[in-house]
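The structure appears below as structure tokens.
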Amino acid sequence: MGKHAAGTPKAIANAIKSKGLQKLRFYCEMCQKQCRDENGFKCHILSETHQRQMQVFAENPDAFVDRYSQEFEETFMDLVRRRYRTVKVKANNVYQDFISDRYHVHMNATQWTTLTDFILYLGKTGKCVVDKEEEGLYITYIDEEARKRREAVEKKLMMEKTDAQRTMKMLEQQIQAARAVSGEDDLSAARASELQRSEDEKIKLGFDKTPLPLSRNSSNASSSISRPPVSSANSSAFFGSADHDDTESADTAQLTQQQQRKRNALDALIEENETRKRSAIAHSRSESQIVSSWLSKGLVVKVKHRDLAKGRYHKKKGVVIKTEGEGKIAEIKMSDSGDVLKLADKYLETVIPKEGNSIRIVKGPLRGSEGILRKILVDEFKALVELHNGETSGFEYDQVCKFK
């Protein structure tokens with residue numbers, strides 16, 4: 001039977017049918033052809049074009065099925081992510097929206113035979129939450145991107161909290177060290193206290209009435225006002241009050257001793273702090289004069305450069321093969337890719353090996369010494385290293401590094 005003439009009612013009806021959705025069992029995924037009925041589908045599978053496509057499919061059927069399954073899953077999840085990201089929806093309704101596209105990947109070409117099998121697969125892989133109810137299966141999208149963002153924020157807050165705790169711990173250690181050197185009594189005496197004075201107590205001022213000798217030039221003569229004497233006897237001599245001499249003398253002597261003790265403790269703390277600062281500055285200057293950088297050949301370092309190659313090498317490890325510019329620039333061979341980079345020391349950080357492995361001292365007076373990492377002191381942010389001479393010492397994380 002030939003085709004109907006264009007413009008006839010039968011031709012128009014056939015055109016409308018061809019534009020709409022047809023039955024899934026009459027669709028050939030390999031040839032991307034939709035047949036209208038069983039007779040048309042039978043004629044198609046006997047055609048030479050379909051036979052060639054089936055020969056290609058027979059060579060590697062698993063590859064075709066996996067590819068169609070992946071495309072079907074990605075398209076389905078994109079639809080759920082766009083339209084039903086935050087709501088609980090019936091799985092069949094999502095599938096009806098999915099097959100409304102005429103050129104979608106059909107399920108008969110995938111590894112799933114029914115929609116139920118596919119929905120259960122999404123639940124097992126953790127991509128959706130599947131609920132079985134009387135009306136059918138319902139799915140809820142699991143937003144992995146939001147979860148990753150929350151984890152990143154929580155990790156950042158934890159790192160900031162850790163840095164604050166580390167700073168507070170260092171301050172506490174410095175306070176304890178100062179107390180151990182100066183003594184707890186001196187520190188307590190050096191603390192500020194309120195002025196304690198009774199309401200009936202009188203404030204007395206004394207001035208020295210002894211005349212000053214005139215200089216040779218009388219026009220430049222000047223007078224001087226001195227501080228009142230500390231003893232109560234002199235105070236009574238000026239003001240003529242002799243009724244409370246003994247009591248005032250005892251109170252004044254006790255107050256003078258307390259003030260003297262406070263001044264001594266405070267002066268000792270100030271002097272100790274200044275001495276410690278001067279020694280630290282001198283030590284840092286001497287150390288900087290001895291060595292200009294901590295880098296050396298053979299060290300295993302980690303790159304800290306987010307902008308280099310769009311972050312490709314950020315937090316990746318490599319081995320220093322050469323140093324330049326007084327050791328401030330290093331050529332690094334990356335461990336994973338084998339690429340050779342040239343970076344400054346500010347873009348690199350030390351790597352702490354596992355316990356029992358070799359380690360090298362890169363800063364301090366023992367720079368260049370090697371030993372074995374015995375223990376990592378997490379609370380103190382230090383590494384316990386046993387040197388080759390038998391001594392065991394604790395070093396900061398940036399003072400030691402793994403080497404090959």
Side-chain angles (χ1 to χ4, degrees), residues 14-45 47 49-154 310:
N14 291 339
I16 295 174
K17 289 180 181 179
S18 63
K19 289 183 179 179
L21 294 175
Q22 304 294 324
K23 291 185 179 181
L24 178 62
R25 61 194 182 97
F26 298 147
Y27 182 82
C28 178
E29 190 70 43
M30 288 296 298
C31 302
Q32 301 289 320
K33 182 175 179 58
Q34 174 69 57
C35 299
R36 191 174 302 171
D37 53 14
E38 186 176 0
N39 186 34
F41 186 70
K42 183 178 179 181
C43 294
H44 170 71
I45 61 177
S47 64
T49 304
H50 180 77
Q51 295 296 328
R52 287 198 300 267
Q53 292 291 337
M54 293 308 296
Q55 289 178 1
V56 175
F57 176 80
E59 293 178 358
N60 193 359
D62 295 336
F64 284 94
V65 174
D66 293 342
R67 188 186 66 176
Y68 289 135
S69 300
Q70 184 178 1
E71 291 180 0
F72 181 85
E73 180 183 351
E74 290 178 355
T75 310
F76 189 89
M77 292 305 298
D78 287 340
L79 177 63
V80 176
R81 189 182 301 109
R82 291 195 307 268
R83 296 187 183 179
Y84 311 102
R85 192 183 188 96
T86 59
V87 297
K88 180 179 179 181
V89 63
K90 192 175 181 180
N92 191 41
N93 294 342
V94 181
Y95 184 70
Q96 294 300 325
D97 292 343
F98 176 76
I99 65 176
S100 61
D101 181 11
R102 183 180 180 183
Y103 301 101
H104 71 278
V105 179
H106 292 69
M107 188 176 290
N108 61 353
T110 64
Q111 60 183 348
W112 304 287
T113 57
T114 62
L115 179 62
T116 302
D117 295 339
F118 175 66
I119 297 301
L120 294 178
Y121 162 79
L122 295 179
K124 290 179 181 178
T125 54
K127 297 178 181 178
C128 291
V129 178
V130 180
D131 297 329
K132 187 175 182 180
E133 299 182 2
E134 295 180 357
E135 299 179 358
L137 296 177
Y138 283 79
I139 59 175
T140 305
Y141 178 70
I142 299 176
D143 196 349
E144 289 292 334
E145 296 179 358
R147 183 183 62 82
K148 291 180 180 179
R149 287 195 297 268
R150 288 195 300 270
E151 291 180 354
V153 172
E154 292 176 356
K310 297 182 179 180

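One finds the OG1 atom of Thr116 at 9.0 Å from the CG atom of Asn92 (value rounded to the nearest 0.5 Å). Between Phe41 atom CZ and His44 atom NE2 the span is 6.5 Å, to the nearest 0.5 Å. Going from atom OG1 of Thr110 over to atom CG of Asp117 covers 9.5 Å, rounded to the nearest 0.5 Å. For the atom pair NE2 of His50 and CD of Gln53, the computed distance is 9.0 Å after rounding to the nearest 0.5 Å. Atom CD of Glu38 sits about 8.0 Å away from atom NZ of Lys42, to the nearest 0.5 Å. For the atom pair CD1 of Ile119 and OG1 of Thr114, the computed distance is 9.5 Å after rounding to the nearest 0.5 Å.
Across every non-hydrogen atom of Tyr68 and Val105, the tightest pair is O-CG1, 3.7 Å. The shortest heavy-atom contact between Cys128 and Met77 is SG-CE, 3.9 Å. Smallest separation of non-hydrogen atoms from Gly126 and Ile142: O-CD1, 3.3 Å. Listed here is the closest heavy atom pair of Leu115 and Met107: N-SD, 3.7 Å.
Between Ile45 and Met54, the closest side-chain pair of non-hydrogen atoms is not below 4.5 Å. In this structure the side chain of Glu73 reaches within 4.5 angstrom of the side chain of Trp112, judged on heavy atoms. Considering only heavy atoms from C-beta on, Leu122 comes within 4.5 Å of Phe76 through its side chain.
The main-chain N or O of Phe72 is never found under 3.5 Å from a side-chain atom of Thr75 such that the two would form a donor-acceptor pair. At least one donor-acceptor pair under 3.5 Å links the side chain of Lys90 to the backbone N or O of Glu135.
No more than 12 heavy atoms of other residues, nucleotides or ligands shown are found within 6.0 angstrom of CD on Gln70. The 12-atom threshold is exceeded at NZ of Lys88, counting heavy atoms of other residues, nucleotides or ligands nearer than 6.0 Å.
Every side-chain hydrogen bond (donor to acceptor under 3.5 Å, both in side chains) that Tyr84 has, sequence neighbours left out, goes to Asp97. Under the side-chain hydrogen bond (donor to acceptor under 3.5 Å, both in side chains) criterion, Glu151 pairs with Arg147, not counting sequence neighbours. Listed by chain and number, the residues in a ring pair (Phe, Tyr, Trp, His ring centres under 6.0 Å) with Tyr138 amount to none (sequence neighbours excluded).
Classified by interplanar angle (parallel below 30°, tilted 30° to 60°, perpendicular above 60°), the ring pair Phe64/Phe57 is tilted.
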